[in-house]
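Just passing along the structure, written as structure tokens.
Per chain, numbering begins at 1; letters A, B, ... match sequence-line order.
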2 protein chains.
Amino acid sequence: MSTTNSLTVEELGSAAQRDRRKRILDATIALATQGGFDAVQMRAVAEQADVALGTLYRYFPSKIHLLVSALGREFERAETTLRDKPIPGDTASDRVIYVLRKTTRGLQGDPHLTEALTRAFMFADASVQSEIHTVGMLLTRMLTRAMHPEQEHTEVTEDDVAIARVIGDVWLSALVGWVTGRTSATETAAHMEKAVHLLLRD
Amino acid sequence: MSTTNSLTVEELGSAAQRDRRKRILDATIALATQGGFDAVQMRAVAEQADVALGTLYRYFPSKIHLLVSALGREFERAETTLRDKPIPGDTASDRVIYVLRKTTRGLQGDPHLTEALTRAFMFADASVQSEIHTVGMLLTRMLTRAMHPEQEHTEVTEDDVAIARVIGDVWLSALVGWVTGRTSATETAAHMEKAVHLLLRD
DNA sequence: CGCGAAACTGGAACGTGTTCCTATTATGGA
DNA sequence: TCCATAATAGGAACACGTTCCAGTTTCGCG
């Protein structure tokens, strides 16, 4: 059980290894924040993380795995932050839009980082499936929670999940458009909100 | 008026140049059909098109421009094919799904080609804006036409356009999922149809 | 503690996108 | 027809992701 996957935290025995992994992801985020996708160069990551290039590749088998893993960690952080606070808004769409705005604004505050992570996500192939699945689940959970603020797991219908997925798709497309400079932040936000209203209509 | 953009057909004076451009795009499609994104190697394209590498770069400033331009040409072909025939289906969603199915099936018949073109589309940045805009317009037009079969330009409301864009987003995400091996063709189709029903609800 | 295995280092090497340069060829106007 | 200019050919060179290898260090187990 190894080969093409990134080493997860769990399967890293020693504290030194967990620390290496953390240093690598920190370096990735730092470089991505500075200069985006292109600035995340494997040699640079290795150097900044104080790790040999070969070791970097032992932990993350490709630049894409590396970036998607970093994205996952950032997402978890965001979801944790959001988890406890109640979500304001009287209607489902208000709450969903609140979550989207908040998340999007967070991302747009770090344009380079967002560009790097979005690019990686879009370029990932099947070998990054598990990392991507993690991100997808987090997003879906965030959105369905916004639709049904009180009851955690009850009341979430198949339609709700489908709607969350569609919103996730739109969000991704909008993000890609924004990241690649095809749409402005304002347009991005407007388009997303329009989509939410079309889907939840209230 | 030149620099970072691909040379379009219009701004190519001589027939020899138009022919070169065509040979290049043909070679691109051929290689992409065979082996996907990775098989579209600039040296290989140049050789197969019987053109020097420098010339290839004069016509298309990057691999991404090249592939997105090829995508545009294929899309135009598809849209032309669809334009004349009436779209079957009693409801808007039936017709939209028909169009999506038809287009998607066409793409899935050429997995490698689709992979190459989708990857390029996702990776494109602002410098490919015009090429991408072309594709977006074609898709939106195809979808709004499916929603309103008779009247061409009348009756298309802002909501219709917004819905078409959302469907386009979902379509793109689904395509990316399929192309990258994250979802099967069946799942892809099911998800798209679910989205259409959620949006058009009939 | 001592040993074998696994992990890590440092760096060379390869493939492919991209750039650049020089020599040659096509083009269009006087 | 002839010339200036642009376009093309051919290929070297560079950058960065990725692979690979030889030597060294760390780790876990008896």
Could you tell me the separation between the CZ atom of A/R23 and the P atom of C/dA7, rounded to a whole number of Å?
17 Å
Proximity to the side chain of B/R20 - top-ranked nucleotide from D/dA9, D/dG17, C/dT9
D/dA9
Looking only at heavy atoms, which two atoms of B/L198 and B/R201 are closest? And how far apart?
O-NE, 4.1 Å
Just by modelled atom types, is the B/A146 backbone N or O under 3.5 Å from a matching donor or acceptor in the B/R95 side chain?
yes
Distance in angstrom units between B/D50 CG and C/dT25 P, rounded:
15 Å
Let me know the distance between OH of B/Y57 and P of D/dA13, rounded to the nearest Å.
18 Å
Tell me what B/V45 touches on the nucleic acid: a base, only sugar-phosphate, or nothing, going by heavy atoms under 4.0 Å.
nothing
Given atom CE of B/M42 and atom P of D/dG10, what is their separation to the nearest angstrom?
17 Å
Does C/dC8 have OP1 or OP2 sitting under 4.0 Å from an N or O in the side chain of A/R58?
yes
OP1, OP2 of D/dA9 versus side-chain N and O of B/T55: anything below 4.0 Å?
yes
B/R119 to A/F123, cation-pi by 6.0 Å centre distance and 45° axis angle
yes
What's the closest nucleotide to the B/S62 side chain, out of D/dC27, C/dT18, D/dT18?
C/dT18
Length of the line joining A/R43:CZ and D/dC16:P, which is rounded to integer Å
8 Å
Short side-chain N/O contact to D/dT8 OP1/OP2 from B/Y59, under 4.0 Å:
yes
Among D/dT18, D/dA7, C/dA7, the one nearest B/Q17 by side-chain distance:
D/dA7
Main-chain N/O of B/A120 paired with B/K63 side-chain donor or acceptor, under 3.5 Å:
no
Whole-Å distance between C/dA7 C1' and A/R21 CZ?
17 Å
Taking A/T144 for its side chain and A/R141 for its backbone only, find out whether a donor-acceptor pair lies under 3.5 Å.
yes
Of the candidate nucleotides C/dG17, D/dA9, D/dT19, which contains the atom at the shortest distance from the side chain of B/K63?
C/dG17
Expressed in angstrom and rounded to an integer, what is the separation of B/R119 atom CZ from C/dG17 atom C1'?
16 Å
So which one's nearest nucleotide on DNA chain C is more toward 5', A/L56 or A/L53?
A/L56
Distance, rounded to the nearest Å, where B/D19 contributes CG and C/dA26 contributes C1':
15 Å
